[in-house]
Number of protein chains: 2
Amino acid sequence: MMRVAQPIRWTSEGVVMLDQRRLPAEVIHHTYTDYREVARAIGEMVIRGAPAIGVAAAMGVALGVERSAARTLEELKTEFPVVCDTLARTRPTAVDLFWAIERMKQRFAEVCAGTRDLVRIRAAMVAEAQQIHLQKKTDDEAIGRFGAELMPAEGQVMTHCNAGALATAGIGSALGVIRVAVEQGHKLHVLVPETRPYLQGARLTAWELVEGGIPLTLITDNMVGHFLKTGKVGAIVVGADRIAANGDTANKIGTYQIAVLAHENRVPFYVAAPTSTLDLSLASGEHIPIEERPAEEVTHFRGVRIAPEVAAANPAFDVTPARLISAIITERGVVRAPYTESLRRLAATPAPRSAAPAAAPAGHTKSC
Amino acid sequence: MMRVAQPIRWTSEGVVMLDQRRLPAEVIHHTYTDYREVARAIGEMVIRGAPAIGVAAAMGVALGVERSAARTLEELKTEFPVVCDTLARTRPTAVDLFWAIERMKQRFAEVCAGTRDLVRIRAAMVAEAQQIHLQKKTDDEAIGRFGAELMPAEGQVMTHCNAGALATAGIGSALGVIRVAVEQGHKLHVLVPETRPYLQGARLTAWELVEGGIPLTLITDNMVGHFLKTGKVGAIVVGADRIAANGDTANKIGTYQIAVLAHENRVPFYVAAPTSTLDLSLASGEHIPIEERPAEEVTHFRGVRIAPEVAAANPAFDVTPARLISAIITERGVVRAPYTESLRRLAATPAPRSAAPAAAPAGHTKSC
């Protein structure tokens, strides 16, 4: 079994988080014993990637209940909304954050209706956070199994950004597909675009692949076309931040142009994401707003200015039209065009999970 | 008249070069009084861009003759090949380097056949280097005038890498087109991809545009597709390092994918380059070899490692198929497909210049 990075763990000492801001130069873990520390860590991007943020929020809520000084159920019920609100205010755009907090709220209400025993309530909330974490892992493994069948038996594949264990707290969505394929015996070599400006490819995906013993070649984002034209790439698999009803997919900036180049060079282009990424309320990708991040991420590198004082654009995401997507790989199976029909059927499939995403703020793209 | 950066100047004190490695953080000029210093500056990329390297080599040869301690023609004739060889060994792949040195050799032979007066010989060689510099400027201005007619009256245009004054020692090829258009009243706003890994866009093109008072927005290389899809870009104009007989064009890595994305989004894609860039000895772009540069340029940033210890690819150039090029803009006019015919006719046009490129080593791409 290959090594898989663990961005977050629940331990008896507290919530242990790998500091993704320091990777790959330093592998540093923080142990948080207060839910406010967890909230700050999410806000400051110690952990990133929508599913992983969801797990962190659930563990934050559990930590808030477990370590609460409340001596009565009434005291705990007064504290609980404060805990949830603090965690909800960290990253307003990540859908999984609200989904996870909502699920923790439902569980709290359930268990409080059945008992006044604070020990049992605390244990139930910790168990629920661990259950959410486990579900993310299970989803990733199912995505990995479905997706592995689409990977070539050998040769080069390409991904983008980091849709790995660090982003999901499982084995990764896109990287999960690659991991499972390699474990099944596919001889894959991964081309990793560095993914400017935040360098999730160079810093995080490259690091995960090294840890997993999967061979890779790092490239800059402007080399993608050259390698698709000359490099005999067998497949591309990326993650997703939001998928509209027609299959249009928002993902890390650069995904759209990789899809165009894949189409031009007849390379299959796959999106791997859990069904929680579906947003069937949006008819098409044109309704997905694009988060604009600070210009300094482009004009500066680790605090050092690399360009003169000029305007810089920094859209964090782009939208890939469904017609460029060969298939969408989810934990419930693989769907193909026409996506309006196939995604609707998929969403109607009985889910192995206990709750569906809810309470995501309208008009936001999840952050990666 | 807008400000134009001068990467190199001949002065009575010596050859004055702007250090492009330090831009845009520092604007530092070096004055070289020995041809060996000029050779080292070319090798260490104080100056880069094939036409500018050619000018530097010509000035290096002139400096070697002017500052020679030779007291007789025989002594000077013994020294001269050493000067030329030293300059020729700096950047083996730049076609203009060899073209310029060859032209200086021809002029030296001519003038020595007519006089033994060292003062006159020295003056003639200095004049020839200045003439080469002037020719580059004249070429750029003609390219600029022809190209300006293809620019939109207003709105966004895009370039790539740096095909500006810093690269040509004139007003630039691609940037020359943009400059002339702006001077003629076109209201242009330039989208500048940063051009990883060497950041010629962020460091050099952005700086030139600021100096020239032309508005711009810096973007990362993976934002190109997003802006072509959503940004209402009216035209793209890039430089070239070598153009094959069928119009296939080698240029800075990333050019190919910009051309594909332009085609997908119906944005005109222009190549601007002097006819010295034509290599009609090559039937198509597949014969143009691609220079592979050190992996450290990708894995490190200013000496700091940004990725784990992994393999990284670093092809410096890619090849854009002629079918994706809307037109090629040269100092002799604008040509369109079918390029095999139009480029052959163009090469046969009487040239305003006195010498044609010669002695370029086979099998190399010019460096940018």
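Labels below follow one simple rule: chain letters A, B, ... track the order of the sequence lines, proteins then strands, and each chain is numbered from 1. Because only heavy atoms are used, hydrogens play no part in the values below, and waters and symmetry mates are left out as well, while side chains stay in. As the structure is a computational prediction, the values presented were derived from the model and not from experiment.
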Among [options], which residue forms the greatest number of heavy-atom pairs with chain B at distances under 4.5 Å?
options                      : result
A:Ala202, A:Pro215, A:Pro197 : A:Ala202
A:Ile306, A:Ile219, A:Val310 : A:Ile306
A:Ile253, A:Val224, A:Val210 : A:Ile253

For [X], is it the side chain, the backbone, both, or neither that has a heavy atom closer than 4.5 Å to a heavy atom of chain A?
X        : result
B:Leu199 : side chain
B:Val298 : both
B:Ala25  : neither
B:Val304 : side chain
B:His160 : side chain
B:Pro308 : both

Among [options], single out the residue with the greatest number of heavy-atom pairs under 4.5 Å to chain A.
options                               : result
B:Thr220, B:Val192, B:Thr195          : B:Thr220
B:Leu23, B:Leu216, B:Leu218, B:Val319 : B:Leu218
B:Pro193, B:Ala295, B:Ala206          : B:Ala206

Query raised in the report: Should we say atom NE2 of A:His226 is surrounded by more than 12 heavy atoms from elsewhere, each under 6.0 Å from it?
Result: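 It does: A:His226 NE2 has more than 12 such atoms within range.
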Query raised in the report: Do you see a donor-acceptor pair shorter than 3.5 Å between the side chains of A:Asn246 and A:Ser284?
Result: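 Side chains of A:Asn246 and A:Ser284: no pair found under 3.5 Å.
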Requested in this report: Name all pairs fulfilling the side chain to side chain donor-acceptor pair (under 3.5 Å) condition that reach into residues 299-318 of chain A, sequence neighbours left out, sorted by first residue then second.
Outcome: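 For residues 299-318 of chain A, and leaving out neighbouring residues, the side chain to side chain donor-acceptor pair (under 3.5 Å) pairs sorted by first residue read A:Glu297-A:Asn314.
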Requested in this report: May I have the step-by-step check of side chain to side chain donor-acceptor pair (under 3.5 Å) for B:Asn162 and B:Arg48, ending in yes or no?
Outcome: CA-CA 10 Å; B:Asn162 174 263; B:Arg48 34 59 62 193; 3.0 Å; yes
Query - Side chain to side chain, A:Leu18 and A:Ile28, heavy atoms closer than 4.5 Å - result: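 No, every pair of side-chain atoms sits at 4.5 Å or beyond.
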Requested in this report: Start with the C-alpha gap between A:Ile258 and A:Val238, add the side-chain angles, then the distance that decides, and say whether side chain to side chain contact (heavy atoms under 4.5 Å, CB included) holds.
Outcome: CA-CA 10 Å; A:Ile258 296 177; A:Val238 302; 5.5 Å; no
Requested in this report: Answer yes when A:Glu194 and A:Arg196 have at least one side-chain N-carboxylate O distance shorter than 4.0 Å, and no when they do not.
Outcome: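 No, A:Glu194 and A:Arg196 are not salt-bridged.
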Query raised in the report: Using 4.0 Å as the upper bound for N to carboxylate O, is an ion pair formed by A:Glu264 and B:Arg323?
Result: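 A salt bridge links B:Arg323 with A:Glu264.
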